[in-house]
Amino acid sequence: MFKKKKVISTFPTHVAFIMDGNRRWATERGLAKMMGHKQGAVSLKNMIETLVNYPEIRYASFFAFSTENWTRDQSEIDYIFRLCYDFVDEYKEKFENKNIKFISMGDVTKFPKKLQDILVKTMEETKNNTGLVINLAMNYGGRDDIVHAANILAERGEKITIENMKENLYSADAPDIDLLIRTSGEMRVSNFMLFQMAYAELYFPKIHWPDFDKRELDKALYEFSKRNRRFGGK
């Protein structure tokens, strides 16, 4: 008997990913934790390649390195930075070819200059692209994002409103998150895009990020399409 194909009737415009479980994925396979991060970077590349085939999804945000991750071993931090540099360096041409706009969310000034330079340069080179927008959160925290935006408005002497707060967040041009996916089964949002996820639908698959692929994305999208979004109304 053939299974009935699940139809995704409603798509999110903005999907956000907390890419959790890299280290656990490696530990379960008897590998060094760095190999989990390496495979996680592969999954990030594959997910971007997948998302460009969903025209309904216009924005995708990925939590790569938080403001709290600085407490990890320096060797792990340095490895993550190298992976980030290699990812952006490898994908610069693909961003352009696929009309992808790349945005680095967070305070990049604390990164090694080489990494800072490539992030800033890639944002500049892709700023006029009109396809999928990729927000890569590096040295990012949701509370820090809100404080950052509020300080900009305070310096201008502007009254703070919801609209001008949105305009000054690191994700400035992006709409609110429709669907937040956190892999690895942890059921928390860990200080990620707090302002932007006010009415997001949350989805917590148990699978680790290195194993999250198109099939898993389709499961999440199908679940999203079944949700009744009321945005605080009836």
Side-chain angles (χ1 to χ4, degrees), residues 6 8-29 31 33 35-44 46-48 50-51 54 56-57 59-73 76-77 80 105-106 134-147 169-171 174-233:
K6 295 180 178 179
I8 302 170
S9 57
T10 305
F11 285 84
T13 298
H14 185 177
V15 182
F17 299 86
I18 298 178
M19 302 181 288
D20 195 19
N22 291 338
R23 296 192 292 182
R24 275 167 283 177
W25 180 91
T27 298
E28 289 172 4
R29 288 159 177 76
L31 302 172
K33 60 187 177 184
M35 294 300 98
H37 291 308
K38 184 177 182 179
Q39 190 58 41
V42 172
S43 291
L44 171 59
N46 291 341
M47 186 50 53
I48 292 173
T50 298
L51 289 168
Y54 291 81
E56 300 89 350
I57 300 174
Y59 300 82
S61 299
F62 297 89
F63 207 2
F65 188 85
S66 77
T67 50
E68 290 74 38
N69 287 158
W70 291 102
T71 60
R72 295 185 177 183
D73 293 342
E76 183 177 0
I77 292 172
I80 292 172
M105 294 195 306
I134 296 296
N135 295 316
L136 185 66
M138 292 284 293
N139 193 27
Y140 177 88
R143 289 176 174 176
D144 180 70
D145 196 1
I146 293 169
V147 170
L169 295 169
Y170 285 118
S171 61
D176 287 346
I177 296 168
D178 297 302
L179 173 62
L180 173 75
I181 300 170
R182 179 177 185 147
T183 54
S184 211
E186 300 291 350
M187 299 176 69
R188 53 182 179 269
V189 298
S190 295
N191 194 26
F192 184 50
M193 300 184 78
L194 301 177
F195 193 98
Q196 300 92 327
M197 69 164 63
Y199 291 103
E201 297 296 323
L202 309 181
Y203 182 73
F204 301 108
K206 293 183 179 180
I207 193 167
H208 297 319
W209 175 252
D211 289 327
F212 193 87
D213 55 13
K214 182 183 183 303
R215 180 181 177 186
E216 293 298 326
L217 175 64
D218 283 343
K219 289 181 183 178
L221 295 176
Y222 177 69
E223 176 62 28
F224 174 83
S225 73
K226 295 193 299 179
R227 303 279 180 93
N228 180 18
R229 306 186 73 201
R230 297 190 294 270
F231 301 96

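Residue numbers count from 1 along this sequence. Computation of the quantities below employed the complete heavy-atom set of this structure, encompassing side-chain atoms and omitting hydrogens, waters and symmetry-equivalent molecules.
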Item to complete: With sequence neighbours left out, write down each residue that passes salt bridge (Lys or Arg N to Asp or Glu O under 4.0 Å) with Glu201, or none if nothing qualifies.
Response: Arg227, Arg229
Worksheet item: Side chains of Asp178 and Tyr59: is there a donor and an acceptor less than 3.5 Å apart?
Response: no
Worksheet item: Between Thr67 and Asn191, is any pair of side-chain heavy atoms under 4.5 Å apart?
Response: yes
Discussion item. Is there a side chain to side chain contact (heavy atoms under 4.5 Å, CB included) between Ile48 and Phe62? Walk through the geometry before answering.
Written reply: CA-CA 10 Å; Ile48 292 173; Phe62 297 89; 4.3 Å; yes
Worksheet item: Got more than 12 heavy atoms from elsewhere within 6.0 Å of NZ, Lys38?
Response: no
Worksheet, complete the sentence: Per side-chain contact (heavy atoms from CB on, under 4.5 Å), Pro12 is matched among Leu179, Leu180, Ile177, Ile181 by Leu179
Worksheet item: Hey, is CZ on Arg143 packed in by over 12 heavy atoms from elsewhere, all under 6.0 Å?
Response: no
Discussion item. Working to the nearest 0.5 angstrom, can you tell me the gap between Tyr54 OH and Phe11 CZ?
Written reply: 6.5 Å
Worksheet item: In this structure, which one of Phe17, Trp209, Phe192 forms a ring-ring contact (aromatic ring centres under 6.0 Å, His included) with Phe63?
Response: Phe192
Worksheet item: Can you list the steps and then say if Glu216 with Asp211 is a side chain to side chain contact (heavy atoms under 4.5 Å, CB included)?
Response: CA-CA 9 Å; Glu216 293 298 326; Asp211 289 327; over 6 Å; no
Fill in: Nearest atoms (heavy-atom pairs only) where Asn22 meets Gly40
OD1-CA, 3.6 Å
Discussion item. Between Ser225 (side chain only) and Ile8 (backbone N and O only), is there a donor and an acceptor less than 3.5 Å apart?
Written reply: no
Worksheet item: Is there a side chain to side chain contact (heavy atoms under 4.5 Å, CB included) between Asp145 and Gln196 once you walk through the steps?
Response: CA-CA 10 Å; Asp145 196 1; Gln196 300 92 327; 3.2 Å; yes
Worksheet item: Do Trp70 and Phe65 touch side chain to side chain, with heavy atoms closer than 4.5 Å?
Response: yes
Response to the item:
Between the NE2 atom in His37 and the CG atom in Leu44, the distance rounded to the nearest 0.5 Å is 13.5 Å
Item to complete: Output the distance between atom CE (Met105) and atom CG (Asn139), rounded to the nearest 0.5 Å.
Response: 12.0 Å
Discussion item. Set out, in order, the CA-CA distance, both residues' side-chain angles and the distance that settles side chain to side chain contact (heavy atoms under 4.5 Å, CB included) for Tyr203 and Lys219, then state yes or no.
Written reply: CA-CA 10 Å; Tyr203 182 73; Lys219 289 181 183 178; 3.8 Å; yes
Discussion item. Is a donor from one side chain sitting under 3.5 angstrom from an acceptor on the other, for Ser184 and His208?
Written reply: yes
Worksheet item: Looking only at heavy atoms, which two atoms of Gly36 and Ala26 are closest? And how far apart?
Response: N-CB, 3.7 Å
Item to complete: Answer whether the closest heavy-atom distance between the side chains of Leu51 and Leu217 falls below 4.5 Å.
Response: yes
Worksheet item: Taking side chain as C-beta onward, heavy atoms only, is Leu194 less than 4.5 Å from Val189?
Response: yes
Worksheet item: Roughly how far apart are Met197 CE and Leu202 CG, rounded to 0.5 Å?
Response: 7.0 Å
Practice prompt. Go through the structure and list residues passing ring-ring contact (aromatic ring centres under 6.0 Å, His included) with Trp25, not counting sequence neighbours.
Written response: none
Discussion item. Once rounded to the nearest 0.5 Å, what's the spacing between atom CG of Asn135 and atom NE2 of His14?
Written reply: 5.5 Å
Worksheet item: Could Asp73 and Arg23 be called an ion pair, given the rule that one side-chain N must be under 4.0 Å from one carboxylate O?
Response: no
Worksheet item: What residues, two or more places apart in sequence or in another chain, satisfy side-chain contact (heavy atoms from CB on, under 4.5 Å) together with Glu186?
Response: Asp20, Arg24, Arg182, Arg188
Worksheet entry | Donor-acceptor pair, side chain of Asp218 and main chain of Arg215, under 3.5 angstrom | no
Fill in: Spacing of CE belonging to Met193 relative to CD1 belonging to Ile146, to within rounding of 0.5 Å
11.0 Å
Item to complete: Please examine the side chains of Asp213 and Ser43, heavy atoms only from C-beta on, and report whether any two atoms are closer than 4.5 Å.
Response: no
